[in-house]
Amino acid sequence: MSNILDGKEVAKKVKLELKEEVEKLKLEKTIIPKLAVIMVGNNPASQIYIRNKSKVCEEIGIEFEEYLLDETTTQEELLSLIDKLNKNKEINGILLQSPIPMNLDINEAFKRISPEKDVDGFNPENVGKLTLGQKGFVSCTPYGIIRILKEYNIEIEGKNAVIIGRSNIVGKPMLQCLLNKNATVTVCHSKTKDLEEITRRADIIVVAIGKRNFLKENMVKDGVVVIDVGINRDDEGKVKGDVDFENVSKKASYITPVPGGVGPMTIAMLMANVVKATKEQNK
């Protein structure tokens, strides 16, 4: 049986570190970090995510401001709000909760968020900085995965890493994060041929495709490190990952559970980005 990469415990540690930093900022500089979250429409899952973010902000001492926009909001109205938040010096981080209604251009909105306040790491400038290995804001899920690997002293340099999924949120930034840590990285997707042959050579596998139990025991070698980013519901409504945990865990040296693995780290690293943004904006 493999060792569990406990995202809850690592996130708890990260949040304690951030709480100390925030208290220090308040005492020494009278500065309180502030996150603004924009939600367009009334997606139930998004509402849950926003509530969770609000709770963690409160836990750490970060101020939280919510902007709920109607589904009929136009692109101009959304961009106007972003401009207003960019100019507001009290706001240190801006997050646009996805998904947004189909008639709106989310990439245009990400582009409009000031790179200095882009705590989700989706502004093209921050994406470019990650690609170039420069300092900037990194998308929170890949950022959290790197922190988990570091926390458990899992070597990345020189390892053969495979990412299943090429989304802008996880797959592509994960590629850059692993490359920047000197791994040899292969990105697989729906058009990849001989997938099992590729995954069986991997030392580290990150799965982020949204298909329950996709990664099977026969697709991995003994001793592999498996990171499961998937969040799916089974027939009973229980949350499951993209990995067949019960069987893959028999061969893996380390594996993240679902829930309790990557999820808590995503929010923790969002908070880390908010604190970082606050410090940089206030020099």
Side-chain angles (χ1 to χ4, degrees), residues 4-27 29 31-40 42-68 85 88 90-100 110 113 116-122 126 137-152 169-170 173 177 208 227-231 239 241 256-282:
I4 297 297
L5 296 170
D6 193 334
K8 274 188 182 177
E9 283 303 308
V10 180
K12 200 182 290 181
K13 182 179 178 181
V14 171
K15 287 186 283 186
L16 280 172
E17 292 169 359
L18 293 172
K19 190 174 182 179
E20 286 177 13
E21 278 194 75
V22 169
E23 284 172 359
K24 193 176 176 184
L25 278 171
K26 288 178 185 175
L27 286 171
K29 307 284 184 184
I31 293 166
I32 301 174
K34 192 169 190 176
L35 171 66
V37 173
I38 305 168
M39 186 173 104
V40 188
N42 54 3
N43 183 291
S46 293
Q47 290 171 346
I48 293 168
Y49 293 142
I50 288 176
R51 276 201 302 273
N52 291 342
K53 286 163 186 169
S54 173
K55 284 177 190 171
V56 178
C57 278
E58 189 178 349
E59 199 180 320
I60 293 169
I62 295 170
E63 290 187 353
F64 182 87
E65 208 162 272
E66 198 174 0
Y67 293 85
L68 302 177
L85 296 174
N88 187 340
E90 289 185 3
I91 301 291
N92 305 110
I94 302 170
L95 183 147
L96 174 60
Q97 183 67 45
S98 63
I100 62 175
F110 286 148
I113 294 172
E116 291 76 27
K117 297 187 179 188
D118 171 38
V119 289
D120 238 356
F122 294 148
N126 282 317
F137 292 106
V138 179
S139 183
C140 303
T141 298
Y143 191 16
I145 291 168
I146 294 296
R147 177 64 191 258
I148 288 178
L149 294 174
K150 181 183 177 185
E151 204 65 35
Y152 282 85
I169 295 172
V170 180
C177 286
I227 307 291
D228 189 350
V229 186
I231 299 177
V239 176
T256 58
V258 176
V262 174
M265 289 303 300
T266 298
I267 295 182
M269 302 321 284
L270 169 65
M271 300 303 146
N273 277 344
V274 174
V275 174
K276 177 184 171 185
T278 304
K279 289 163 80 173
E280 288 181 357
Q281 287 161 33
N282 290 278

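Any value given below was found using the heavy atoms of this structure, including those in side chains, with hydrogens, waters and symmetry copies removed.
- Two residues are said to be in side-chain contact when any heavy atoms from C-beta on lie closer than 4.5 Å; Pro99 and Asn43 meet this criterion.
- With sequence neighbours excluded, the residues forming a side-chain hydrogen bond (donor to acceptor under 3.5 Å, both in side chains) with Asn126 are Asp118, listed by chain and number.
- Looking at residues two or more places apart in sequence or on another chain, you find a side-chain contact (heavy atoms from CB on, under 4.5 Å) between Val170 and Thr141, Ser167, Ala208, Val229.
- By the salt bridge (charged side-chain N to carboxylate O under 4.0 Å, His left out) test, Lys55 pairs with no residue at all, sequence neighbours left out.
- At a threshold of 4.0 Å, the pair Lys34-Glu65 counts as salt-bridged, since one of the basic side-chain nitrogens sits closer than that to a carboxylate oxygen.
- Applying the side-chain contact (heavy atoms from CB on, under 4.5 Å) test to Glu66 and every residue at least two apart in sequence or in another chain returns Ile50, Phe64, Leu68.
- With sequence neighbours left out, the side-chain hydrogen bond (donor to acceptor under 3.5 Å, both in side chains) criterion links Lys15 to no other residue.
- With Lys13 contributing its side chain and Glu151 its backbone, the two residues share no donor-acceptor pair below 3.5 Å.
- Between Gln97 and Lys53 there is a side-chain heavy-atom pair separated by less than 4.5 Å.
- Taken from CG in Leu35 to CD1 in Ile62, the straight-line distance is 7.0 Å, to the nearest 0.5 Å.
- Listed by first and then second residue, the salt bridge (Lys or Arg N to Asp or Glu O under 4.0 Å) pairs that reach into residues 265-280 are Glu21-Lys279, sequence neighbours excluded.
- Applying the side-chain contact (heavy atoms from CB on, under 4.5 Å) test to Glu20 and every residue at least two apart in sequence or in another chain returns nothing.
- Looking at residues two or more places apart in sequence or on another chain, you find a salt bridge (charged side-chain N to carboxylate O under 4.0 Å, His left out) between Lys12 and Glu9.
- Evaluation of the ring pair (Phe, Tyr, Trp, His ring centres under 6.0 Å) rule for Tyr143 yields no partner, not counting sequence neighbours.
- For Gln47, the side-chain hydrogen bond (donor to acceptor under 3.5 Å, both in side chains) test picks out no residue, with sequence neighbours left out.
- A salt bridge links Arg147 and Glu17; the closest N-O separation between the charged side-chain nitrogens and carboxylate oxygens is under 4.0 Å.
- Take Tyr49 and apply the side-chain hydrogen bond (donor to acceptor under 3.5 Å, both in side chains) test, not counting sequence neighbours, and it matches no residue.
- Between Tyr152 and Ile4 the shortest heavy-atom distance is OH-O, 3.6 Å.
- In this structure, Leu16 has no side-chain contact (heavy atoms from CB on, under 4.5 Å) partners at least two apart in sequence or on a different chain.
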